[in-house]
Each structure stands twice: as C-alpha cells, then as structure tokens.
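Here is how names work: the chains are called A, B, and so on, in the same order as the sequence lines, proteins then strands, and each is numbered from 1. Fair warning: this is a prediction, and the values are worked out from it, not measured in the lab.
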There are 2 protein chains.
Amino acid sequence: MIDSNDGTAAPLKNRLLVALPSEDFGLISPHLTHHELEKGRHLYDPGDQIDLVYFPHDCVISLMTLMENGAAIESAPVGREGALGLMSAVAPRQSLVRAIVQAPGFASRISASALHDAWTRSPALRDLVDRHNEALFGHAIQSVACNALHGVEARFCRWLLSCRDRIDGDTINLTQEFLADMLGVQRTTVTAVAGSLQAKGLIRYRRGVVDILDRAGLEAITCECYAAVRRGYERLLPLPFG
Amino acid sequence: MIDSNDGTAAPLKNRLLVALPSEDFGLISPHLTHHELEKGRHLYDPGDQIDLVYFPHDCVISLMTLMENGAAIESAPVGREGALGLMSAVAPRQSLVRAIVQAPGFASRISASALHDAWTRSPALRDLVDRHNEALFGHAIQSVACNALHGVEARFCRWLLSCRDRIDGDTINLTQEFLADMLGVQRTTVTAVAGSLQAKGLIRYRRGVVDILDRAGLEAITCECYAAVRRGYERLLPLPFG
DNA sequence: GCACTTGTGTCGACTACTCGACAGCACCCC
DNA sequence: GGGGTGCTGTCGAGTAGTCGACACAAGTGC
C-alpha cells in the first residue's frame with residue numbers, strides 16, 4: 001500500500017514498482033504521489049516535455065499517434081506492466097505521442113527529475129527501465145505487422161484482451177466510436193464486429209460498456225500478436241500480468 | 001576512412017559513428033571491423049543472442065517481424081542513420097526480429113561486449129544509444145499507424161524513399177515479390193502499384209531493379225509518415241541523412 | 001543456342017472495409 | 001416526465017486489396 005495525496009491508501013499494483021528491490025524503491029517512494037486519472041484526460045501531446053512519469057495501477061493509458069488530418073490511432077497501451085514517460089528517466093525527452101487515459105483508475109506519479117536522480121543511483125532501476133523500453137518496442141513492432149496483416153475482428157479481440165489484462169474486472173467502458181479510432185477503422189465496422197462477437201456469446205455490450213464473457217473464446221479468435229506481445233512482457237519484466 | 005578487414009579502406013558513412021566525438025570513437029574503433037554484407041543474408045533471427053552490432057555505411061538491414069504462418073513483414077529498416085543491435089550495448093539482449101540484409105553494402109561491426117565496455121566509459125556513446133533507440137521507437141509507432149490507415153501506394157512510395165535515403169544512388173535491387181512481403185501485401189497489388197508509378201514517370205523498373213526517377217514526385221504522393229519519421233531521426237540524431 | 005528458372009503481367013471472382021446517410025434508442029439533465 | 005444529446009443499428013454503393021491461376025518474358029547455365 002502507498003499513501004495517497006488525499007490521505008487514503010491504495011494497493012500498489014504497478015508491476016515495475018512491485019519489482020523494484022525495497023532499497024531501490026526507497027529512492028523513489030518519497031517522490032511518488034498517488035492520483036486518480038479520469039477517463040479521456042490528455043497526459044501528453046506530441047512535442048510536450050515529459051516532466052512527469054506515471055505508473056498505472058489499474059488504469060490504462062493509450063499512446064496515440066496523431067496524423068495531420070486529426071486521426072489518432074493507438075500505437076501501444078500502457079498499464080500496470082509499465083509506465084508512461086519512462087524514457088525520460090534516462091535523459092529529458094519530448095513525447096512522441098498523445099497519451100490519453102483510456103480506462104480510468106489510479107496511478108503513481110513522480111517527476112522526471114526525481115526519477116532521473118534515482119536512476120543514476122540504482123542499477124536495478126536502470127535495468128528495469130531498459131527492459132520496459134525493450135518490451136514496449138516489441139509491442140510496437142508486433143503491432144506494425146498486426147495492422148498490416150490481420151483483420152479487424154482479430155485486432156478488436158486483441159485490443160479487448162490487452163485492456164482486460166491491465167484492469168480489474170471484465171467490464172470495459174468505451175464507445176464503439178472510440179474503439180474505431182483506436183483501431184483506425186470505421187465505426188460501422190466496429191458495430192458489425194461487436195455484433196458478431198456478441199452473437200457468439202464472447203462479449204456483451206450496451207451503450208458505452210463492453211463486458212467480456214468468454215475470455216478463452218476471445219483468445220481463440222484473436223491473432224497470435226496478443227500472445228506474442230504478452231510473452232514479450234513476461235520475458236523482459238520480472239512479474240507476470242495480474 | 002576506416003581500415004577494412006581485407007586491407008582496403010572505405011568511407012565512414014554511418015551517422016552514429018561520425019557523430020561520436022573522436023575520443024569516444026577511439027574507444028570503439030580498435031574493435032570495429034569492416035564487412036561487406038551480401039543481399040539476403042540473415043544477421044539475426046528472433047531469440048538469437050545479439051553478440052555483434054552492425055553500423056551500416058551504405059547497406060540497409062530490414063527488421064522483420066515473423067508470424068507463425070511464415071509471413072515476415074518489415075517493422076523498421078536500419079541504415080546509416082542507425083545500427084543493428086544497439087540495445088545490446090546496455091545489456092545482453094535477444095533479438096526480437098529477423099534482421100536481413102535488404103540492400104547490400106558495407107557495415108562496421110563490433111562485438112556487443114566491446115561495445116558495452118565502451119558504453120560504460122563514454123557518456124557520449126550512452127547518449128547516442130538512447131537517442132537512437134528513441135528514434136527507432138518513433139519509427140515503429142508511426143508505422144503502426146501507417147499500416148492501419150494508409151493505402152499500399154503511399155506505403156510503397158514511403159518504402160522506396162526510406163530505402164533511397166540510406167543508400168548511394170537511385171537504383172534499388174529488389175523483386176516485386178520481395179517488396180510485397182516487406183509491405184505485407186499481395187504481389188499482384190505491388191505489380192499494379194508499380195505499373196501506376198511507372199506510368200506517372202516516378203519510377204522505372206525491370207526485372208529485379210527499381211530506379212527512382214522523380215524523388216519529389218514520390219514524396220508528393222507518399223503519406224506524411226515518411227516525413228514524420230525522417231524528422232524524428234533528424235531531431236534525435238546529430239546529423240541529417242546523406 | 002537451348003532449356004530452365006525466376007520475375008512480371010493480367011484476369012476474374014471474391015471479401016473486407018470504407019463512407020455517407022439516416023433512423024431509433026438510451027441515458028442525462030433539468 | 002419530457003427534451004435533447006450522443007451512442008448504436010442498418011443500408012447501400014463503392015473501392016482496395018485478396019487469392020488463385022496461368023501466360024509470358026528476361027535473364028542464367030550449360
């Protein structure tokens with residue numbers, strides 16, 4: 001448990017923080033604050049200086065690549081298996097993406113400068129940062145292939161499963177419109193796929209809410225990319241998903 | 001110029017090596033060897049331990065994500081703006097991808113352990129590695145979006161331009177079959193697009209060879225991703241492309 | 001000069017997804 | 001409880017790209 005900025009305490013679910021040896025965690029814990037992130041909040045836009053690093057506990061942050069025409073598509077999600085802005089622990093960095101809170105929840109936050117100080121003193125932290133960056137890169141390159149080769153249904157399922165791995169519970173709050181943006185497809189296509197998955201009994205949905213009913217069933221029809229990325233995280237990061 | 005392993009000398013075109021201050025370069029230059037890489041050679045497969053790091057001078061290495069069905073699609077290219085296996089300077093790493101020589105040419109090579117030694121002693125080298133990894137990540141996430149949103153013609157042009165930036169000359173040796181794999185599309189689609197570009201006078205091609213006739217014309221019909229990635233490299237790495 | 005291999009052109013049926021439009025329903029607010 | 005807003009369902013025309021098949025041409029080796 002860690003102290004919250006509003007006086008309450010909350011469970012420490014972020015895998016990176018949990019994985020740090022206690023003496024190393026002690027270097028950053030005095031600077032960590034606990035925050036509730038509301039859905040839809042923009043944490044960074046491309047070009048923004050990364051001055052705060054977020055360690056999600058039960059929220060999901062989407063890294064969105066922006067196009068000139070205003071389209072924004074998810075390049076990678078960040079949840080309890082990782083952190084947002086971790087590259088700035090090494091050196092000051094600007095964000096390459098728009099980071100938005102896709103699933104609301106709690107995250108621990110630290111200033112990039114405090115994290116950098118700890119980074120200079122903790123080999124364990126440096127190792128963790130390297131591994132995380134490698135896993136995130138692995139996620140990105142798998143998605144490059146996935147978006148070129150796999151159909152919308154498989155990617156839809158992959159997205160749901162990835163999200164599910166990072167939150168508590170089987171209920172995801174999102175509209176079809178939002179998911180269409182994430183996947184870079186038309187909303188009508190999402191409607192069609194969602195209807196088909198519901199007909200198969202894999203999910204149930206209503207206005208702005210999707211319930212996962214049959215996780216194994218989703219895994220059966222998603223593409224190999226889901227498992228490949230997950231294996232990548234599990235290999236490089238000390239602890240499995242929740 | 002650097003000495004080659006066969007007694008000849010060759011120009012040092014790799015931007016990372018050129019950017020290193022001379023005292024830092026001195027740390028690695030005794031361990032660098034010069035090699036000619038033939039087209040199609042597999043330098044790494046997924047899971048291989050990265051024991052050698054390659055700094056291309058005028059060749060291009062494709063990082064290919066492999067799928068279970070044997071499909072291999074390019075996630076990112078590496079040329080004179082970067083290096084293959086640079087993450088292993090920080091700590092031992094396994095390759096996530098298949099790395100193949102797409103355009104033949106020369107590269108300098110160093111063992112991962114020698115590079116790591118230099119890395120521990122050279123802040124300039126550490127900075128360069130970080131910047132390179134960041135730029136490569138930027139490339140990957142742009143490609144995630146590009147593959148989801150842009151048509152084959154735009155991606156075809158983007159690929160040609162990216163390749164052109166990393167070699168000397170306007171002639172690229174590749175078959176349509178090979179390019180179809182790179183882009184993750186059918187060969188017949190590549191034939192159609194190539195024919196259309198040739199009809200517009202932008203390229204000329206014959207069996208296994210593509211000549212770029214009108215680079216500006218290609219830039220006009222490629223997607224914004226080409227320029228975005230190039231800007232990313234130029235911002236993070238010290239020197240512009242050749 | 002001939003056979004062989006390998007790369008390219010083309011055709012046609014098919015599918016996945018786009019894009020615009022509009023109707024209807026669910027939920028929220030007052 | 002009624003009105004409005006925003007989410008979802010659906011339709012239809014259109015397009016981009018798939019997939020298999022086959023003919024042909026250009027180089028390669030002998």
Side-chain angles (χ1 to χ4, degrees), chain A residues 38-40 67 69-73 102 144-160 171-200 202-211 221-223, chain B residues 38-40 67 69-74 102-103 145-160 171-200 203-211 221-223:
Chain A
E38 68 276 19
K39 186 175 165 65
M67 304 308 255
N69 67 2
I73 182 173
Q102 173 231 114
V144 172
C146 186
N147 282 352
L149 298 172
H150 299 147
V152 175
E153 186 179 67
R155 282 154 55 204
F156 183 115
C157 295
R158 181 184 166 209
W159 194 94
L160 286 181
T171 299
I172 301 172
N173 285 279
L174 46 48
T175 65
Q176 296 185 359
E177 175 79 42
F178 180 80
L179 186 49
D181 280 349
M182 287 284 180
L183 298 176
V185 299
Q186 295 280 118
R187 201 261 309 159
T188 50
T189 304
V190 170
T191 300
V193 171
S196 148
L197 294 179
Q198 179 160 256
K200 290 175 192 157
L202 303 176
I203 64 170
R204 184 180 29 157
Y205 65 97
R206 47 197 191 282
R207 279 175 85 81
V209 185
V210 176
D211 293 307
I221 61 172
T222 193
C223 50
Chain B
E38 67 277 20
K39 184 174 168 64
M67 304 308 255
N69 67 2
I73 182 174
E74 186 185 73
Q102 174 232 114
C146 187
N147 282 352
L149 298 171
H150 299 148
V152 175
E153 186 178 68
R155 283 156 53 205
F156 184 115
C157 294
R158 181 184 166 209
W159 194 94
L160 286 181
T171 298
I172 302 172
N173 285 279
L174 46 47
T175 66
Q176 296 183 0
E177 176 80 43
F178 180 80
L179 186 49
D181 281 348
M182 287 285 180
L183 297 176
V185 300
Q186 295 280 116
R187 203 261 310 160
T188 50
T189 305
V190 170
T191 301
V193 170
S196 146
L197 293 179
Q198 178 159 258
K200 290 175 190 157
I203 64 171
R204 185 181 28 160
Y205 66 96
R206 49 199 189 281
R207 273 176 91 80
V209 184
V210 176
D211 293 308
I221 61 172
T222 194
C223 50

| Just wondering, do B:Leu160 and B:Thr222 contact through their side chains at under 4.5 Å, heavy atoms? | no
| Nearest-angstrom distance from the residue atom CD of B:Gln176 to C1' of D:dG17 | 16 Å
| What heavy-atom pair brings B:Ile73 and A:Ala145 nearest, and what distance separates the two atoms? | CG2-CB, 3.2 Å
| note | note: B:Glu177, atom CD; C:dT5, atom P; distance rounded to Å ~ 17 Å
| field | Sequence neighbours excluded, every pair satisfying side chain to side chain donor-acceptor pair (under 3.5 Å) that has a member inside residues 146-156 of chain A | value | A:Asn147-A:Arg155, A:Glu153-A:Ser196, A:Glu153-A:Lys200
| query | Looking at residues at least two apart in the chain, or sitting in another chain, which of them share a side chain to side chain contact (heavy atoms under 4.5 Å, CB included) with B:Ala192? | reply | none
| said: Return a single string for nucleotides 25-30 of chain C, one symbol per nucleotide in 5' to 3' order, where B is base contact, S is sugar-phosphate-only contact and - is none, cutoff 4.0 angstrom on heavy atoms. | reply: BBS---
| request: Ignoring backbone atoms, test whether B:Tyr205 places a side-chain nitrogen or oxygen under 4.0 Å from the OP1 or OP2 oxygen of D:dA26. | output: no
| remark: In numerical order, the residues of residues 181-194 of chain B whose heavy atoms come under 4.0 Å of DNA chain C are B:Arg187, B:Thr188, B:Thr191
| remark: Closest non-hydrogen atoms of A:Tyr205 and A:Ala194, given as atom of the first, atom of the second and distance, are CE2-O, 3.4 Å
| field | Separation of atom CG in B:Leu197 from atom C1' in C:dG9, rounded to whole Å | value | 16 Å
| Is there any side chain to side chain donor-acceptor pair (under 3.5 Å) pair reaching into residues 173-185 of chain A, and which pairs are they, with sequence neighbours excluded? | A:Gln176-A:Thr191
| Atom pair CD1 (A:Ile203) and OG1 (A:Thr171), whose distance is rounded to the nearest 0.5 Å | 12.0 Å
| task | Nearest whole angstrom, please: distance from the C1' of D:dT8 to the CG of A:Leu174. | result | 13 Å
| request: Grab the two heavy atoms, one from B:Cys223 and one from B:Ala154, that are nearest each other, plus how far apart they are. | output: N-CB, 3.7 Å
| Would you say the side chain of B:Gln102 lies within less than 4.5 Å of the side chain of B:Lys39, judging by non-hydrogen atoms? | no
| request: Send over the distance from A:Asn173 CG to D:dT8 C1', rounded to a whole Å. | output: 16 Å
| task | State the CG-CG distance between A:Leu202 and A:Asp211, to the nearest 0.5 angstrom. | result | 13.0 Å
| field | Selection: residues 146-156 of chain A, any non-hydrogen atom under 4.0 Å of DNA chain D | value | none
| query | Do A:Val210 and A:Leu179 pass the side chain to side chain contact (heavy atoms under 4.5 Å, CB included) test, and can you show the C-alpha distance, the side-chain angles, and the key distance before you say yes or no? | reply | CA-CA 11 Å; A:Val210 176; A:Leu179 186 49; over 6 Å; no
